[in-house]
Every structure is written in structure tokens, then in C-alpha cells.
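Everything below concerns the one structure shown next.
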Amino acid sequence: MRLFWSITLATLTKDIRLEWRSKDALNAMLFFSLLVVVIFVFSFDPLAEESRHIVGGLVWIAFLFAAMVALNQTWARELRNQVLDGYRVSPAPATALFVAKVLGNFLLVSLLEALMAPLFVIFYNLRVLGPAWQLIPVALLGTWALVVNGTFFAAMSLRTRSRELMLPLLLFPVSIPAVIGMVAATTSILTGDDPAHFYIVLLLTYDVVFTTACLALFETVLQAE
Amino acid sequence: MKKAFPILVVLTTILLGYAFYQALWVAPTDSLQGDVYRIIYYHVPSAWTAFLLFFINFIASVQYLANAKPSTKRAARWVVIVIGVIGAVAPFIPQVKQQLPTGMYPSSVATTVLIIAGLYFVIGKYFPGQSLDLLAVTSAEVGVVFCTIVLITGPIWARPVWGIWWAPGDIRLTSTLVLWLIYVSYLVLRRFSDSAQTQKLAAVLAVFGALDVPLVYFSIWFFRTQHPQPVIGGGGSMDPRMLHVLLISWMAFLCFAFLVCWSRYGLEKLRREVEEAEALESLLEPGGPTTQTSQSKVPLSRSPQ
């Protein structure tokens with residue numbers, strides 16, 4: 001178990017260091033989601049009351065598409081110099097690599113959300129009517145849901161033609177229940193109409209089910225070549 | 001086997017014609033909806049057939065993954081046996097019995113679970129090794145076609161009866177649509193994947209899709225459903241004459257689906273044999289083996305172009 005975490009930590013720090021030095025993915029994601037926010041403001045021009053109802057969907061659409069940038073480069077980076085092949089033949093557990101990649105993406109997308117959230121508040125004149133602290137578990141669980149399956153499917157689409165196009169095609173259908181959960185939870189917190197507990201439980205269930213499935217099947221996907 | 005195919009074609013044609021005649025002329029007209037309800041004889045059988053095919057795809061995929069190692073193969077068998085035993089006994093326990101929706105009998109639930117568990121072993125026996133994957137492709141492709149029929153006939157019926165084409169957030173509509181989306185992405189993966197391991201990746205995706213469906217169902221739990229209650233096991237009631245026609249129609253659809261699956265299965269098998277033969281030929285070519293084989297991967301798993 002100690003070995004598992006030391007491998008995970010080593011891969012994670014390597015990825016963070018790479019990202020810190022280049023900042024490629026983060027900059028692209030930030031600018032992309034900023035564009036989504038601005039374009040939606042221009043196309044809808046909503047009142048404060050209306051924006052409360054639509055912003056839940058908007059936020060998550062922006063993050064979902066922006067996360068594709070981070071997810072697509074997760075494994076593509078390892079293809080250079082046959083790093084992934086080296087990993088495949090090494091005795092290190094495949095799941096350690098997977099966990100490291102998921103944590104790396106999770107940190108990256110969470111950082112993006114933390115930076116983008118104030119912008120949404122400014123552009124849409126948001127004022128939360130429900131219990132605002134619940135937005136934090138929703139954001140954490142929602143991001144995990146996107147990232148865990150996204151990392152898994154990114155590894156799967158590695159072996160396909162037009163890889164970057166493939167990832168959303170695989171990820172979005174499976175993510176639909178998570179997206180429903182995130183959007184409904186965010187909307188109900190923003191409007192304060194209904195309690196969001198049901199959707200938080202849904203997201204938690206989704207996360208548990210798919211994290212287990214990913215961990216169980218990742219070795220198969222990594223070795224499939 | 002080859003002689004049976006034309007016989008089945010004739011039988012299916014007769015059955016489809018008979019079902020069509022029954023649906024349009026024999027079945028009584030619905031007192032509330034009028035004749036428009038008759039689309040049910042195409043909508044419901046297609047839905048049942050599609051779900052059955054997706055289920056076969058799921059079983060074949062799980063078995064394909066489990067067969068990779070002898071240890072997981074054995075474990076999967078025991079899991080299926082345990083599920084079968086629990087499913088056959090549990091519905092008769094009073095506490096569980098109360099949880100069942102009205103119109104669903106414990107015996108029918110137990111039989112269904114036993115049939116499901118049995119299907120796992122039947123498929124495992126008759127489709128060993130790579131033919132499991134052949135079965136998975138075939139059932140997914142034909143299932144998507146039937147699911148498309150469901151999604152087209154549904155709105156055609158809904159427009160005159162509900163006044164709207166589509167009810168967003170409806171539990172049955174949404175879960176069928178998501179199922180369709182998942183299986184389309186499954187077929188896309190198969191088409192785009194180059195490696196010889198597509199079978200494995202596709203099987204993994206099928207398992208993810210199967211895990212997703214209950215969650216979709218759960219996620220829209222709160223929404224009311226406009227969809228009529230299921231005819232069987234859902235508390236919906238139906239004129240016995242209508243039910244009779246519906247079952248005949250389903251039989252015809254099942255025969256039709258079986259026929260299409262059969263020919264698609266044969267075609268896919270043939271295509272793989274041709275590819276293998278070509279790969280072998282390129283190996284045996286004089287002067288070719290080293291340069292040829294390292295350059296061209298054997299695209300064992302690509303769908304026909």
C-alpha cells in the first residue's frame with residue numbers, strides 16, 4: 001500500500017510540475033471557459049432572476065467542455081518517448097498511475113472552477129438564495145464525476161483514430177446522469193426552491209460506482225494494445 | 001443450419017404479415033385514443049426487442065472480460081450462480097414482496113432472474129472465445145436499430161395524444177434516449193478503434209453503459225412520468241384482445257430480429273476470417289514478413305468500411 005501511494009505521489013508531482021512550468025492546459029481551459037461565459041452573456045443577456053435558473057446548466061457546460069482540454073492531454077503526454085509502454089512493462093500497479101492522473105486532473109479542474117466562479121457571479125449578477133455552502137460538495141463531487149470517467153475514457157480513446165474527437169463521444173453519454181445531478185443541484189441551491197440533498201446523494205452514488213468500475217477495469221484498458 | 005435460414009425467412013415474413021393484419025384490422029379500437037394507438041404494436045415490441053438485445057450485449061461483454069483470466073472466469077460464474085439463487089428466493093420473502101410494484105408477482109420476478117442467470121451460461125456455452133465478441137457487436141448494432149424505431153414511433157404517437165412530440169425529463173423517454181446514445185457511442189468506438197484490442201475496450205464501454213442506466217433512471221426519479229404504464233408488470237391494464245395482438249407482434253419482431261442478427265453475425269464472422277487470411281497471406285509473401293507485418297497492424301476489429 002505504501003508503494004502504491006509513493007508511485008501515485010511521484011506521478012502526481014511530475015504532472016503538476018510539468019503543468020506548472022508550461023501552464024498550457026490551465027491557460028487554454030481558463031480562456032475557453034471565459035469565452036463561454038462571455039458568449040452566453042451576449043446571446044442571452046439575462047436578468048438576475050432568470051440567470052439564477054440557467055446559470056447552473058451554463059457553469060457545468062463551460063466546465064465540461066473546458067475539462068476536455070485537460071483530459072485529452074493527460075495520456076497524450078505519456079505517449080512521447082514511449083513512457084506509457086515503459087509503464088506497461090514495469091511491475092508498478094496500473095491503478096496507481098490511474099489514481100495519480102485522476103488526482104492531477106481533479107486539482108486542475110478544481111483550480112479552474114475556483115478561478116471561474118467569481119466571473120460567473122460578476123457577469124450574471126448572481127446572489128445565492130439557498131444554502132451556499134452546499135455548492136462546495138456539489139462542485140467537488142461533480143468535478144470528480146467528470147474527471148474520473150474522463151481520465152478513464154481518455155486512456156481508452158488513446159488507441160483510436162482522431163483521439164481528441166473520440167473522448168467527448170465516449171464520455172458525454174455515460175456522464176448524462178452526473179450532469180443531470182450537478183445541474184439540478186446547482187440550480188436548486190441558487191434558486192433556493194428545493195433541497196439539493198437528493199442530487200448530492202445521486203452524485204455520490206455515481207462517483208462511488210464509477211470510481212470502483214474504473215479501478216477494476218483500468219488494468220484491462222492500459223494493457224489493451 | 002444453412003437450410004434453416006430460408007425457412008425462417010418465410011416464417012418471419014408470414015408472421016410479420018399476420019401481425020400487421022391483426023394490428024390494423026383485428027385489434028379493437030381504443031376508446032380514448034382512437035386508431036392512433038395502433039402504433040403501440042410496433043413501438044412496444046421494438047422496445048422489448050431492443051432491451052433484450054442490449055441485455056444480450058451486456059452479458060456477452062461481461063463474459064468476454066471475465067474470460068480473460070481463468071480466475072475471473074470462475075469468479076464470474078459463481079457470482080452469476082449466487083445472483084440466480086438470491087433472485088429466485090428473495091422475491092418470496094415477505095419483506096421483499098412488499099417492495100415489489102403492484103402487478104409484479106414474486107414468481108415472475110424469480111423466473112426472470114433465473115432466466116437471466118441461465119442466459120449467461122447458455123451464451124457462454126454456445127459462443128466460446130471470440131464469438132462472444134461477435135455476438136456483442138451483432139446485438140448492439142441490431143439493438144440500436146430497434147431502439148431507433150422506438151424513438152421514432154414514440155413521438156409520432158405522442159404528438160396527437162399528448163400534444164407534444166417529446167416530454168423532456170420523462171423517466172422512460174430519457175432513459176431510452178440515454179441508452180440509445182450509449183450504444184451509438186459504443187458503435188462509434190468500434191468503428192474508430194484501430195487496435196486489435198477493440199473487443200476488450202468495447203466490452204469495457206458496454207459494462208460502463210450498463211452501470212449508467214440505473215443511475216439515469218435514479219436521476220430523474222423526481223420527475224413525473226407521462227408515459228403510459230408498462231403493459232406487463234407495471235400495473236397497466238389492457239384489453240386481453242389487444243394484449244394478444246401485442247404478443248403476436250412481439251413474436252414477429254423477435255423472429256425478425258433473430259433473422260437479422262443471424263445474417264449480421266455470419267457476415268461479421270466471414271469478414272474476420274477474410275482479414276485473418278489476408279494477414280496470413282501478407283506474412284507468407286516472399287521478402288515481405290519483416291517489413292510488411294511491422295508496418296501494418298492487423299485491424300481485426302474494425303467494422304466493415
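Heavy-atom basis, side chains included; hydrogens, waters and symmetry copies ignored. Reminder, nothing fancy here: chain letters follow the sequence lines and each chain counts from 1.
With chain A as partner, the option from B:V213, B:V188, B:V207 having the largest number of non-hydrogen pairs under 4.5 angstrom is B:V188. Among B:A68, B:S185, B:A203, the residue making the largest number of heavy-atom pairs under 4.5 Å with chain A is B:S185. Heavy-atom pairs under 4.5 Å with chain B were tallied for A:S175, A:A184, A:P173; the largest tally goes to A:P173.
For A:F152, the part lying under 4.5 angstrom from a heavy atom of chain B is the side chain only. Proximity to chain B (any heavy atom under 4.5 Å) is restricted, for A:M166, to the side chain, taken from C-beta onward. In this structure, no portion of B:L179 lies under 4.5 Å from any heavy atom of chain A.
The only option from A:F153, A:W75, A:Y87 that meets the ring-ring contact (aromatic ring centres under 6.0 Å, His included) definition with A:F218 turns out to be A:W75.
In the displayed structure, A:K14 atom NZ is contacted under 6.0 Å by more than 12 heavy atoms of other residues, nucleotides or ligands. Heavy atoms of other residues, nucleotides or ligands lying less than 6.0 angstrom from CZ of B:R77 number 12 at most.
Look at B:E268 and B:R271 and you find a salt bridge, because one of the NZ, NE, NH1 or NH2 atoms lies within 4.0 Å of a carboxylate O, short of that distance.
By the 30° and 60° cut-offs, the orientation of the rings of B:F54 relative to B:Y183 is parallel.
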